[in-house]
Each structure stands twice: as C-alpha cells, then as structure tokens.
Amino acid sequence: MSKLVTVAVPCPLRRGFDYLWPESLGRDAEIGLRVSIPFGRQQLVGVVIALDVICDIPSNKLKAVLKVLDEQPSLAAELVQLGRWAADYYHHPVGDCFAQMLPVVLRKASPPKEKPAQYWQLSANWEELPQPASRAHQQISLLAVIRQAGQLSRRQIKDLGYSNAVLNALINGGYLQQADTPAAPSIDANNTELALNAEQQHAVSAVSNSLGQFARYLLDGVTGSGKTEVYLRSIAECLARGEQVLTLIPEIGLTPQTLERFESRFPGQVRALHSGLSDGERYRSWQDISSGRARILLGTRSAVFTPFQKLGLVIVDEEHDASYKQQEGWRYSARDIAVKRAADHNCPVVLGSATPSLDSLHNAAQDRYQLLELRERAGIASKPDIRLLDIRQQNLDEGLSKTLLDAAHDTLQAGNQVLIFLNRRGFSPLLQCHGCGWVANCHACDAKMTAHFGRRELRCHHCDAREALPNICPQCHNSQLIFQGPGTERLELSLKRHFPEVDVIRIDRDTTSAKGSMQSLVDGIRDGRPSILVGTQMLAKGHHFPDVTLVGIIDIDGGLFSADFRAPERSGQLLVQVAGRAGRADKPGRVYIQTHCPDHPALLALVSEGYQPFAQQLLAERQLLSLPPVSFSAVIRADASSLRCAEDFLAAIRSELAPSDNTWSIVGPLPAPMTRKAGRFRAALILQAERRPTLHRQLAIACHTGDQLSKHKSLRWSVDVDPIDLF
DNA sequence: TCAAAAAGCGGT
DNA sequence: CCGCTTTTTGAA
Ligand SMILES: [Zn+2]
Ligand SMILES: [Zn+2]
C-alpha cells in the first residue's frame with residue numbers, strides 16, 4: 001500500500017491536503033519536494049509538508065501525486081517548518097504561504113533548468129589595448145570594478161547598475177573574456193576597511209563572539225555612526241567560519257551603491273533579491289544562495305524565505321521600516337521572521353536602526369535583545385542644530401515661513417544645499433471654490449482630490465481616479481478656484497520663484513516614476529552645486545546628500561494627532577531620518593521644523609532630547625494604556641460594497657468570540673476613518689490580548705466563522721496579526 | 001483560486 | 001422551457 005503525504009496546495013483554504021504517494025513515482029517522499037497534484041478539476045504545484053500522515057478520508061476519495069518536480073527538495077525541512085509556523089501565526093492559508101516562499105519560476109511545473117551563469121574577467125591582453133574613450137565613464141568604471149572583483153556575472157554587473165550595453169562594449173572591445181570556472185571565493189575583508197571607533201569595535205566583537213549560537217542584538221546607531229561598517233565586519237567574521245549571511249534591506253535602500261559597497265568588500269560572493277529583477281534573475285540568486293555558491297544575500301522582504309546551506313548570521317537593516325511588513329495577503333513581518341530563522345539556525349541576528357521601533361526597544365528593555373549603541377557619529381560631526389519654528393499667526397508664503405526662507409538664502413549663499421521636506425506630493429491637497437465653497441472630492445473615496453498643476457489634473461491619492469483640473473467651479477461656475485495648502489509641487493514652484501538662480505529639484509513619486517530617474521536626480525544633487533531639494537519621504541530613505549546643511553520640515557503636525565496610536569512613532573522616525581540628512585563631518589547642519597504646536601510634549605522631547613527619550617516616552621504611554629508592544633494585537637478588516645455588509649460580517653464574527661475581560665479586549669466593528677476607499681466601504685474589528693495564546697485562540701475562532709459565513713457577494717476580509725496600521 | 005453546478009431571469 | 005448570466009459550492 002502506498003504512503004500518504006500532506007501537500008500545501010496553492011488555494012485559499014486554511015489546510016493542507018493529503019495525497020497518496022504511489023510506488024510508480026520511483027522515489028521516496030521527502031519534506032519540501034515540489035509535486036504536481038490533481039486538485040478539483042485542475043492540476044497544481046504543491047509542496048510536501050508532512051510524511052506518513054494518517055487521515056480518516058476513505059482511500060477511494062484520495063488522489064495520488066502525479067509527478068515529483070524536484071531532484072532535491074526546494075525547501076529544506078527547516079523552511080517547511082517555518083512556513084507552517086508562519087501560516088499558523090498569521091492565520092493565512094498554508095498553501096498560499098508556501099507558494100509565496102518559492103521563487104515565481106518554481107511555482108509552475110516547468111523543469112528547473114540550471115544553466116550556469118556566464119562569468120566575465122579581464123582578458124589576457126587588456127592592458128595592451130588602448131583605454132576606452134575617456135568620455136566612456138561607465139566603461140572605465142566597470143573595467144575597474146571587474147579588475148577588483150576578478151570576475152563577475154552578467155547579473156551581478158547589472159545589479160551594480162551597469163547596463164548590458166556597457167558590458168557588451170567592453171566585450172566587443174576585447175577587454176573581457178569569459179571565465180570558465182567561477183572564482184574561488186576570496187575572503188578579503190581587509191581591502192577597504194575603515195577604522196572602527198570603540199563603540200563599533202564593541203558591537204563587532206559582541207556579534208562575532210556569538211557566532212554559532214542564537215543571540216539577538218539591537219544595533220541602535222545614529223545616522224552616520226557607521227552601522228554598515230559594523231555589518232560588513234561581522235559578515236567577514238561569519239564568512240571566515242565558512243557560513244552564509246542573510247541581510248535584509250528595505251526596498252528603497254537596496255540601491256546600486258549599497259550593492260556595490262558589499263560587492264567590493266566581498267567580491268563575487270554577494271547576490272541580490274529585489275523587485276527590480278526579473279523572475280529568472282531572482283531564481284538565479286535564489287539558487288546561488290541555496291546551493292552555497294554565493295555566501296551573502298542582500299534582499300528585501302521576501303528574501304527572508306531563501307534557503308541557505310549554512311546560515312551563520314542574519315542582519316535586518318532599518319528594522320523599523322514599514323516595508324518589512326507585507327500589507328496584503330499573507331501579512332507577515334520579515335523582520336520577525338528573520339529573528340525566527342536565526343533561532344532555527346542557531347545564529348545571531350542583528351536588527352539595526354537609527355530610530356528603532358518601539359517593538360524592538362521594548363524587547364531590549366525586557367532583555368530579550370541585547371542593545372548595542374553607536375552614539376558617536378563617525379568622524380567629528382556635531383549633532384545638527386534642531387529648532388522648532390512656531391508658525392502660528394505667521395504669514396506663510398505658500399507654506400514657507402520667512403525664517404526658513406532666510407535660512408535657505410544664507411545656506412545657498414554659503415555654497416551649500418537645502419532640503420525641504422513635505423510628506424505630501426502634488427500641488428495642493430484641496431481645491432475649493434471661493435464663490436460657493438465647493439470642494440473637489442473623489443467620487444470613489446471619502447477623500448479630497450489633490451491638484452497636480454503640471455499635469456493639469458485632479459488626482460485621488462487613495463484610488464486611481466483622475467480628472468482634468470477644472471477652470472471654473474462645476475457647481476456655481478465661478479472662476480475663482482483656490483488651492484488650499486501646499487504639496488511638494490507647489491513648494492518647488494514657489495522656491496523657484498524665490499531663488500531663480502539655483503536648481504530646485506523635486507523628488508517624489510511623480511518625478512521618479514520612470515526607471516532610473518531617481519538615480520539621475522540623485523547623481524545631479526551629488527555633484528554639489530548649490531541647489532534646493534524638495535521632496536517627500538523618498539528623500540529621507542536610503543540616500544545621503546553630503547552637501548545639504550539645512551533641512552526644512554514643513555508640516556509634521558498631522559502625525560501628532562492621528563487616530564492611530566502608532567502615528568507619533570512613525571512621524572518621529574521619519575523626522576529623525578530627514579534631520580539626519582543635514583550636515584556631515586566638516587559642515588554642521590541645521591534643521592528647522594515648522595509647527596503649529598511647538599509645545600507638544602512628544603515633539604519637544606524629540607527635538608530637545610533626541611529619539612531615544614522620545615521613544616521611551618511613547619513606550620511609557622503604551623505601557624500605561626496596555627497598547628502594543630506591551631500587549632498583542634490583531635485586526636480583522638472587511639470591505640464590501642456597502643458599509644452594512646462589512647459591519648454585519650464583522651459583528652457576526654464578534655458574536656462568536658469571547659467578550660472583553662481584563663486580559664482580552666475586542667472593539668468594533670468600527671468603520672475606518674476614511675470609510676469609503678476606491679468605492680468600497682471598510683470596517684474593522686480590533687483585538688488585543690495580554691498574552692499571545694489568547695489572541696491566537698480567538699483568531700482561530702474568527703477565521704473559522706469567517707470561512708463558514710456564506711460570504712455575501714462582494715465581501716472581502718483579512719486577518720492582520722501584529723498590524724502596523726489600525727485600518 | 002478556479003471551474004463546474006445550481007439558481008435566477010427575461011423572452012418566447 | 002430555452003439560453004443566458006450570476007451565485008454558490010467544493011476541492012484530498
Ligand atoms: Zn462654486
Ligand atoms: Zn479616490
């Protein structure tokens with residue numbers, strides 16, 4: 001009689017399915033193998049997640065595995081365990097989780113053909129050839145990179161930001177030849193090492209000394225304190241033990257420069273996984289890491305599921321970053337899963353940030369994480385001078401106060417650059433008729449349309465609605481339409497008027513949507529000419545602008561008064577990050593924050609004492625109110641074509657759950673603050689428990705009832721464990 | 001998620 | 001009662 005296996009089938013059902021494993025497959029079943037299976041009337045690819053199972057389904061109803069798709073299991077048993085745990089923890093269908101853990105090409109039955117990457121190295125006679133034309137900067141710089149690395153694959157070269165055309169030019173010019181054997185990885189961590197200060201040294205030795213055992217570190221380092229150097233040194237130590245490294249980076253931070261910094265330190269050993277790669281390229285990186293061919297993975301959220309031969313160190317950079325949390329479907333936190341993986345592999349994990357999340361600070365306070373602090377800025381840089389500008393009853397020029405404009409003027413005169421931060425793109429967030437008070441609202445959302453002047457459009461930032469900018473009021477035909485409030489586009493125009501002689505460069509989603517446009521804007525800024533940068537949070541993340549000595553923050557007040565208790569934490573982090581753009585070793589920076597509430601205690605703490613005390617104050621508040629991270633929470637969201645429909649569904653779930661008591665609370669159904677979004681009405685149930693098992697048990701009941709409820713036509717719902725937003 | 005089966009529905 | 005669309009159901 002053939003054996004039974006449980007298969008994770010890619011469908012939205014919260015359970016695995018049992019299949020017969022016939023002798024005719026010609027091999028034994030193994031955990032983690034991909035298999036082709038009949039399911040309903042279709043044929044799907046699943047993953048074996050349990051062997052020798054006993055099930056009570058009559059054997060005549062069981063179907064058999066059709067085909068084994070792997071030679072070796074695609075997912076090691078350790079990862080299968082992790083997937084099952086995470087499906088459970090986040091209350092998401094197990095089959096869907098396993099589909100997401102695999103690279104896209106492995107989700108189909110296609111035979112995984114492994115064609116070896118082509119590596120290129122300098123040709124034997126490259127030195128005798130004439131140099132490439134001196135204006136061919138890209139070619140010259142690529143030559144230098146390859147010379148240093150020894151050999152690189154097409155993929156790696158592309159990752160470093162060189163186009164195929166540049167590589168081809170070098171090949172055609174005879175500078176390069178194909179390398180037949182992949183380079184013996186050289187562990188050469190000494191080439192461009194920077195000197196470490198005492199704090200960095202301490203951090204590196206703490207991490208190095210715990211290699212080979214599970215240990216959790218929170219590396220709290222202010223901007224410019226040299227966190228990356230700590231990572232690189234720790235990585236070198238880990239490689240020296242013959243082990244591999246998983247490094248997670250927020251999507252926005254995984255730039256060619258970052259890759260280049262790792263690649264130049266560890267030539268030939270780095271692979272990247274990010275959204276800019278094609279499915280095939282991602283698969284190649286995945287394979288190189290899982291086979292042990294490469295040792296260091298630099299990746300974004302989903303890279304946390306990559307299999308390793310011998311994982312020896314996990315690093316999560318900018319651990320507070322929201323992009324680590326998947327915001328739809330399987331709402332996992334890559335940061336939390338990374339910690340779990342480190343535990344599974346018995347290796348240290350380092351969470352790094354200049355503005356650690358309250359979760360992590362709380363963990364550190366509870367001695368679950370060991371705190372490593374980098375207080376000194378590397379070099380002799382002084383802390384920037386941060387000042388609050390009280391703009392109550394001030395005359396603002398398109399949102400800019402006179403003090404800020406004067407400071408900008410002085411900064412530009414001195415030959416430096418100015419950064420103006422406003423987390424709101426477009427020209428103005430509100431278009432109103434002066435005659436009758438009409439306001440341009442979105443027809444599909446409970447939101448105002450944002451005016452985009454350059455495109456002469458009204459756009460909704462919550463759905464894809466857009467329409468032509470009207471010339472007259474559609475209600476009273478008055479032509480006096482007024483733009484209320486500034487956006488980045490308006491600031492750009494206004495600053496161009498004030499400073500016609502300098503470049504004003506705007507960086508937001510509207511100016512950087514084209515591929516590569518971000519890079520060219522950033523390069524333009526880096527050449528150091530006096531200029532003004534205007535932008536949204538895109539400016540705050542990832543890129544550093546060494547010549548900026550004045551940062552102006554236009555409107556941060558919104559974050560202080562949000563319905564979401566996490567808003568101040570996020571605003572504070574953003575503010576500190578933006579402020580961190582100002583100044584460097586030899587040029588002290590200034591940060592001016594325009595505000596209507598200069599007496600706000602949290603804002604004052606942040607400005608006068610810094611992020612740590614600010615965060616401690618927020619944490620104390622959370623403690624007082626028993627909010628996360630002190631307690632644990634989950635949100636069940638529903639949206640439907642009518643509010644009633646969503647609310648009724650949630651109410652039905654609530655009626656099955658335990659009533660609130662002193663260890664557990666349930667609130668809702670509450671309509672979302674912006675109830676209607678993209679034509680759908682949204683509501684939520686908010687669950688909170690003192691202990692995780694309570695929350696988990698209630699969620700299991702909730703999911704069960706949710707699945708059972710004959711769901712009304714258009715209703716959609718989801719469960720979010722450890723949410724980062726209430727709605 | 002997907003596709004077959006069942007249930008509605010207007011038109012004769 | 002046909003032919004069409006919409007809704008429900010079940011999957012090992
Ligand atoms: Zn009007
Ligand atoms: Zn809208």
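These values consider heavy atoms only, across backbone and side chains, with no hydrogens, waters or symmetry-generated copies. Note on naming: letters A, B, ... go to the chains in the order of the sequence lines (proteins, then strands), and numbering restarts at 1 for each one.
One can place CZ of A/Arg14 at 12 Å from P of B/dT1, the figure rounded to the nearest angstrom. Nucleotide B/dT1 holds its C1' atom 13 Å from the CZ atom of A/Arg15, rounded to whole Å. Atom CZ in A/Arg107 sits roughly 14 Å away from atom C1' in B/dT1 (whole-Å rounding). The distance from atom CG of A/Asp18 to atom P of C/dA11 is 14 Å, rounded to the nearest whole Å. When rounded to the nearest whole Å, the span between CD1 of A/Ile37 and C1' of C/dA12 equals 9 Å. Whole-Å rounding puts the A/Asn60 CG to C/dA12 P distance at 12 Å. When the C1' atom of C/dA11 is taken as reference, atom CG of A/Leu62 falls 13 Å away, rounded to whole Å. To the nearest angstrom, P of C/dT9 lies 13 Å from CG of A/Leu709.
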Any N/O pairs under 3.5 Å between the protein and nucleotides 3-6 of chain B? List them or say none.
none

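Qualifying salt bridge (charged side-chain N to carboxylate O under 4.0 Å, His left out) partners for A/Asp88, counting only residues two or more places apart in sequence or in other chains: none. For the salt bridge (charged side-chain N to carboxylate O under 4.0 Å, His left out) test, no residue two or more places apart in sequence or in another chain qualifies with A/Arg84. A search for salt bridge (charged side-chain N to carboxylate O under 4.0 Å, His left out) contacts involving A/Arg27 returns A/Glu30, not counting sequence neighbours.
Heavy atoms of A/Leu13 sit under 4.0 angstrom from at least one base atom. Residue contacts shown for A/Phe39 include a base, since a base heavy atom lies under 4.0 Å away.
Aromatic ring centres of A/Trp286 and A/Phe308: separated by at least 6.0 Å.
The side-chain hydrogen bond (donor to acceptor under 3.5 Å, both in side chains) contacts involving residues 5-14 of chain A comprise A/Thr6-A/Asp18, A/Arg14-A/Asp707, where partners must be two or more places apart or lie in separate chains. Pairs passing the salt bridge (charged side-chain N to carboxylate O under 4.0 Å, His left out) check and including a residue from residues 36-48 of chain A, sequence neighbours excluded, do not occur.
Residue A/Lys61 places none of its side-chain N or O atoms closer than 4.0 Å to OP1 or OP2 of C/dA12.
Comment: A/Asp321 does not engage A/Arg301 in a salt bridge, judged by the lack of any side-chain N to carboxylate O separation of less than 4.0 angstrom.
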